[in-house]
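Accompanying notes for the structure given below.
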Amino acid sequence: MSDDSQVRKSPFWRFSVKFYAVPGVAPACIELQDKAKVDVNVLFFLLWNATEGRALNAAEVTEIERAIGPWRDMAVVPIRNVRRALKAPPTALTPDAAEGFRTRIKAVELEAERLQQEALFDLAQSRRPGRPSASPIGAARDSVSSYQGVIGPFPPEPLEAVLSAFAKFQGSATDKAE
């Protein structure tokens, strides 16, 4: 798996890992995912493009959804559902056995999401989506607005938490140093 180390070192992967670790981002993303069916990988793809001052329009987001949706629906979401269900396992399993299995499922879920990010990164390399924007936060807001136009409105509080964290993240950390 020589590709694995290359993918994990892609600017998009590094951005996602670092940004998800920012305080408040993970719970806001989970809320967006659960309440509005936001694909966090797509959201992060939009934000990563925004770091380069690129905003995506609704047609580009629709194309991304069309390309990525089948993988998400076939692999990522079912694996996530199994992992979540194992938080309250059937009584036939011991809690330790269920938790060990859940931990392995979590690793598989992360790999499914990494593969989705690899596909998104490849898309960015081949098509260079988006149009120039005056600022990263402006690009982020434009792209997120386009995403909402495609899948429906996002709950405002977790959305603002993510966008606020992105604005601060932009000011304090860049991926260009790596």
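Positions are given from 1 along the sequence.
- Contact annotation: the side chain of Gln33 approaches that of Arg80 to within less than 4.5 Å [non-hydrogen atoms, C-beta and beyond].
- For residues 130-140, no pair satisfies side-chain hydrogen bond (donor to acceptor under 3.5 Å, both in side chains), with sequence neighbours left out.
- In terms of modelled atom types and a separation under 3.5 Å, the side chain of Ser164 and the main chain of Ala161 share no donor-acceptor contact.
- Phe15 has its side chain out of reach of Pro11: every pair of non-hydrogen atoms, C-beta onward, lies at least 4.5 Å apart.
- With sequence neighbours left out, the salt bridge (Lys or Arg N to Asp or Glu O under 4.0 Å) criterion links Glu160 to Arg141.
- Arg66 and Glu63 are not joined by a salt bridge, as no carboxylate oxygen comes within less than 4.0 angstrom of a charged side-chain nitrogen.
- Heavy-atom contacts from other residues, nucleotides or ligands closer than 6.0 Å to CD of Glu99 number more than 12.
- Under a hydrophobic-cluster definition in which Ile, Leu, Val, Met, Phe, Trp and Tyr are linked whenever side-chain heavy atoms come within less than 4.5 Å, directly or via other members, Leu115 and Met74 are assigned to the same cluster.
- With Trp71 contributing its side chain and Ala112 its backbone, the two residues share a donor-acceptor pair below 3.5 Å.
- Taking the salt bridge (Lys or Arg N to Asp or Glu O under 4.0 Å) definition, one finds that Asp73 meets it with nothing, sequence neighbours left out.
- Remark: Tyr20 OH to Ile30 CD1 distance equals 4.0 Å, nearest 0.5 Å.
- For the salt bridge (Lys or Arg N to Asp or Glu O under 4.0 Å) test, no residue two or more places apart in sequence or in another chain qualifies with Lys106.
- Contact annotation: the side chain of Asn57 approaches that of Glu60 to within less than 4.5 Å [non-hydrogen atoms, C-beta and beyond].
- Listed by chain and residue number, Phe154 satisfy the ring pair (Phe, Tyr, Trp, His ring centres under 6.0 Å) test with Tyr147 (two or more places apart in sequence, or in another chain).
- Contacts of Pro136 classified as side-chain contact (heavy atoms from CB on, under 4.5 Å), with partners at least two apart in sequence or in another chain: Phe166, Gln170.
- Two residues are said to be in side-chain contact when any heavy atoms from C-beta on lie closer than 4.5 Å; Glu31 and Val38 fail this criterion.
- Residues Ser146 and Leu56 fail the side-chain proximity criterion, which asks for heavy atoms closer than 4.5 Å.
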